[in-house]
Amino acid sequence: GRLDKIRRYLQDKNKFIRDLEQKVGIDVNSNLSVYHAMDRRFGKNEYQLSELERKFIKPIYRMLEKSGITLEDIDLYLMAKHAAERNRVIAERNDEKVDYTTTSYAGMTNKEADDILNSFDNVTRGNLESIASLVYQMNNNALKKLLDSGRITEKDYNDTKDAYRFYVPLRTDNLDEDYYDLIKAEGRESMADSPLTFSIMQAQSAILSANANEVYQTVARFVRNVGQDFGDITEGVRMITKKNGGRTILVEDPAFNKDRGDLIFFKEDGVLKAIKIHKGANGMGELYAKAVTNRDNFRWGASVWGHISKLSRMFSQFRTQFVPTFFIRNTIADNVGLYQNLVAERGVVGAAKAAREITPLFWKSMPVLKQYFTNGIPDYQVDEPLEVTRLREALENGLLTGGGLAAEGFEGTNKKLKKYTARNKLKKATDAYVDAVSVVNSVGEYATRMAIYNFMRNEGKTVKEAYDEMRRAGKPKEEAKR
């Protein structure tokens, strides 16, 4: 009934997916578990978005601020650096018998681009080049992410890398983040909007679309395992671009896909495929398809609850992230919940023994977490501490998430770039305070989770099994048993 729908939406929108998987004999730890894949997706998104911010976005912000270079200057420099190769590639692709050095396919001719590059003095140009090199690395990483997730082919990846050394997106619209792949440019005579802003957006969108694609690939494995009665997978679907409120989005071609049904689109090795879930499948087919693609089945409340969720997150930050005492309160609450669960599962003696092993793991995890939330996790080292290896393992598998990071649209990203480069001393001091308190509270929030995760891994549990125990660690014992 409607009451059950409200409960599911507020508590666990995907509970019925777990129920369905149990019904057909799929264990939550299996690589066929869509419930587990969806659960991990948000943690992977947050970790990868935070790594993107740590390695590229914040360093770019700081370099702009320190050098005094404006957003307009770096955008102009990025466009000018990319112009010559863009003009050449578009002319060759269109097989046009024109002098591409005097024709504009990038919003400027080669001469105009050279004039822009030569207009900067040596010091400014050196600073611009340092920022640009980070932008190129960020864009290359985004392209590799799409390749690794199966959204583009190896040929697409190699062709793009071979064609462009100084690639930046030259766009004036916002591509739907769910389907960020490679759309071949047709060339332009007008100047593009901010290439730096769009580079950040594309890098964020590559993460989101790649991780979503991995969930849909899990759906495909589930369908192939369960069989034709539940659904079928087809190739030969086709997408077309369409303008929608200033954005370019990819939609199904209505002339080609006549019998739509509830289709879940995904890619394998760059090939677009569709999963069609049969509506009557196990009594949950239609609901399953809508949940996996994030189309809520009771749309009457989706908008309202969306606004409530945003307000809830905002108030939650004021009660947690920005409050120094949250560290103490949250740590006590988590450990009380953990001990209750240990007693319920292992008895008083077993709980006491486990607690003696978990306590030193708690303290060992704190400096590692502090390093992560301050400067990110370091690259792998052969002789690194086990706690660092385990934290990386948990993060890369999407096992830790606080829901604090999300990709922003063009306006939000562009506004943040401009605001950061214009900060005064008071704003810098405020940001430093918030960052410091946030690090302390984040360490407190995750220390218990990582302690129980390490404890379970030490007992020989798999990553998925340790994750399941970690999730239940701070919950009341009645809920944890479910």
- Query: Does Glu268 reach the main-chain N or O of Gly150 with its side chain, forming a donor-acceptor pair under 3.5 Å?
  - Reply: no

- Task: For Val223 and Asp232, run side-chain contact (heavy atoms from CB on, under 4.5 Å): C-alpha distance rounded to whole Å, both residues' side-chain angles, the deciding distance at 0.1 Å, then the answer.
- Result: CA-CA 7 Å; Val223 170; Asp232 51 71; 5.8 Å; no

- When you check the side-chain N and O atoms of Arg221 and Thr218, is any donor under 3.5 Å from an acceptor? yes

- Partner set under side chain to side chain donor-acceptor pair (under 3.5 Å) for Asp115, not counting sequence neighbours: Lys111

- Given side-chain contact (heavy atoms from CB on, under 4.5 Å), test Thr389 with Glu393 step by step and report yes or no. CA-CA 6 Å; Thr389 304; Glu393 176 184 87; 5.6 Å; no

- Item | Exam field: side chain Arg151 to backbone Asn213, donor-acceptor pair closer than 3.5 Å | no

- Message: Would you call the rings of Tyr47 and Tyr372 parallel, tilted or perpendicular, taking 30° and 60° as the class edges?
- Response: tilted

- Message: Quick test of your reading of the model: are Lys44 and Glu214 salt-bridged, counting only N-O distances below 4.0 Å?
- Response: yes

- Message: So does Leu196 get a backbone contact from the side chain of Asp75, meaning a donor-acceptor N/O pair under 3.5 Å?
- Response: yes

- Could you verify whether a donor N or O on one side chain and an acceptor N or O on the other, from Lys55 and Gln137, lie under 3.5 Å apart? no

- Message: Can you confirm whether the side chains of Asp39 and Tyr467 place a donor and an acceptor under 3.5 Å from each other?
- Response: yes

- Message: Would the distance check show the side chain of Asn87 and the main-chain N or O of Met108 forming a donor-acceptor pair, the cut-off being under 3.5 Å?
- Response: yes

- Message: Return the CG to OH distance between Leu391 and Tyr446, rounded to the nearest 0.5 Å.
- Response: 10.5 Å

- Message: I need the full list of salt bridge (charged side-chain N to carboxylate O under 4.0 Å, His left out) pairs touching residues 126-143, with sequence neighbours left out, sorted by first then second residue.
- Response: Lys81-Glu129

- Query: Is Arg54 salt-bridged to Glu51, going by a charged N under 4.0 Å from an acidic O?
  - Reply: yes

- Query: Under the ring-ring contact (aromatic ring centres under 6.0 Å, His included) test, which residues partner Phe56, sequence neighbours left out?
  - Reply: none

